[in-house]
J.: 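Dropping the structure in here first, questions after.
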Amino acid sequence: MATRFLKFLVLSSLVLYTLASAGDRAHDFQNCLFRCKISQCDIASPATLPIALRLTQWTCLDNCKYSCMHEVTTYEMERGESMQQYYGKWPFWRFAGMQEPASVLFSLLNLWAHMRGFSKVRKEIPDGHPLKKYFMIWSAASINTWVWSAVFHTRDTAFTEKLDYFSAALTILTALYFTSIRIFHMYAPPNQNRLTIRNGRHPTSKRLKVWTVVCGLTYATHIFYLTSLPRFDYTYNVIFNLVIGLTHNALWLIYSLPSSTSLIRRFPNRPKSYRPPFVGTAFYLVLFTTAATALELFDFPPVARTIDAHSLWHLCTAPIAIYWYRFLVQDALDESWRDQRT
């Protein structure tokens, strides 16, 4: 569900190393980069890069950094030394211009999972269901996020980084938005008179409007703050997404509480004690989402310079997303919702 917010915790912990890491500060790397730049870039007719690199906007200097990074890494590993990071990242073998091909592949796997989920929600939840459109909005935001995640891992630039971060923040906030509507029953009951709802006289309609405005202003303020600074505020970005993501997870944990300790009325026109068997699924999905972060927290050098902890984390989030959609559809099809239909 809100797995994306956890990415910020680890990625932003690398901020102190973004401008310079042990590898790119090393004497061997700097010497190699200097020689490459002089011999291949600072000449009258630099060699033309392959079309895949040109399409992904690699420059001659970028290519020198890549070549030297792997040259030094190979030399150090032959000597039994540990792998170093360069500019805040591990050295990955690129493929068709993609900097981190495994993360790109697994981002596309998540994209497929959400596209599949979007179709599932559209086909299996009745059109008259009060939550269907909110599920589809979140699903569309998730699809957008994973598109930009794939782009970001293809080429890490200031522009693609912002698109990835801003899209992910939108998905996280949208998840909290629809979850709050679901948990606190802020949706407009479909059996209310349309004129009454349009005029905002129904209490639920008023709460929904206020909540929608709050979320919209929150996101707009978040983007405005980050784009108005001379440098991206990674620390604030982590805190913002962490608070929203944890709040989202907490709501689903409250939803999954046993009948004897239930704090909310989970379903419309039902007592707090009403708890279908599938309700506990939310607890396990939150648990699995949190457990998947261990792959990020315990980072390790990429195996074969291809598979690292972050790419494996992306691999894990795809099946979790599939089960989230199954749960949301199951929740929406509970018999208690039939009382809400006209």
J.: Describe, in one word, how the ring planes of Tyr177 and Tyr134 are oriented to each other, choosing from parallel (under 30°), tilted (30 to 60°) and perpendicular (over 60°).
T.: perpendicular
J.: For a 4.5 angstrom cut-off between non-hydrogen side-chain atoms, does Ile264 reach Leu257?
T.: no
J.: Please work out which of the three classes, parallel, tilted or perpendicular, describes the rings of His222 and Tyr219, given edges at 30° and 60°.
T.: tilted
J.: How far apart are the C-alpha atoms of Met83 and Met77, what are their side-chain angles, what is the distance that settles it, and do they pass the side-chain contact (heavy atoms from CB on, under 4.5 Å) test?
T.: CA-CA 7 Å; Met83 186 180 295; Met77 293 182 68; 3.7 Å; yes
J.: Taking C-beta and beyond as the side chain, do Tyr274 and Arg266 meet within less than 4.5 Å on heavy atoms?
T.: no
J.: Evaluate the side-chain proximity of Ile172 to Phe240: yes if any heavy-atom separation is below 4.5 Å, no if none is.
T.: no
J.: Got more than 12 heavy atoms from elsewhere within 6.0 Å of OH, Tyr75?
T.: no
J.: Classify the ring geometry between Trp148 and Phe159 as parallel (under 30°), tilted (30 to 60°) or perpendicular (over 60°).
T.: perpendicular
J.: Any side-chain heavy-atom pair from Val121 and Tyr325 closer than 4.5 angstrom?
T.: yes
J.: Check whether any side-chain heavy atom of Gln84 sits under 4.5 Å from a side-chain heavy atom of Met69, and report yes or no.
T.: no
J.: Test side-chain hydrogen bond (donor to acceptor under 3.5 Å, both in side chains) on Arg207 and Ser180 and set out the steps.
T.: CA-CA 11 Å; Arg207 287 194 299 153; Ser180 298; over 6 Å; no
J.: Can you label the angle between the Phe288 ring and the Tyr284 ring as parallel, tilted or perpendicular, going by 30° and 60°?
T.: tilted
J.: Output every pair passing salt bridge (Lys or Arg N to Asp or Glu O under 4.0 Å) with a member in residues 242-251, not counting sequence neighbours, ordered by first then second residue.
T.: none
J.: Please go through Phe224's hydrophobic cluster and name the other residues, only I, L, V, M, F, W, Y counting, with side-chain heavy atoms under 4.5 Å joining them.
T.: none
J.: From His248 NE2 over to Phe178 CZ, what is the distance, rounded to the nearest 0.5 angstrom?
T.: 5.5 Å
J.: What distance separates Leu131 CG from Ile137 CD1, expressed to the nearest 0.5 Å?
T.: 11.0 Å
J.: After noting the C-alpha distance and the side-chain angles of His114 and Phe118, does the key distance pass the ring-ring contact (aromatic ring centres under 6.0 Å, His included) rule?
T.: CA-CA 6 Å; His114 284 279; Phe118 183 89; over 10 Å; no
J.: Does the pair Phe135 and Trp138 meet the rule for a ring-ring contact (aromatic ring centres under 6.0 Å, His included), with working shown?
T.: CA-CA 5 Å; Phe135 291 163; Trp138 167 73; 7.9 Å; no
J.: Mind telling me whether Tyr225 and Tyr236 have parallel, tilted or perpendicular rings, with 30° and 60° as the class edges?
T.: perpendicular
J.: Taking everything shown except Leu229 itself, do over 12 heavy atoms lie less than 6.0 Å from its CG?
T.: yes
J.: Students often mix this up, so state it plainly: with edges at 30° and 60°, are the rings of His185 and Trp337 parallel, tilted or perpendicular?
T.: tilted
J.: Could you walk me through whether Asn110 and Ser107 pass the side-chain hydrogen bond (donor to acceptor under 3.5 Å, both in side chains) test, one step at a time?
T.: CA-CA 5 Å; Asn110 279 273; Ser107 291; 5.8 Å; no
J.: Tyr255 vs Asp331, test: side-chain hydrogen bond (donor to acceptor under 3.5 Å, both in side chains). Steps then yes/no.
T.: CA-CA 11 Å; Tyr255 165 93; Asp331 176 79; 2.6 Å; yes
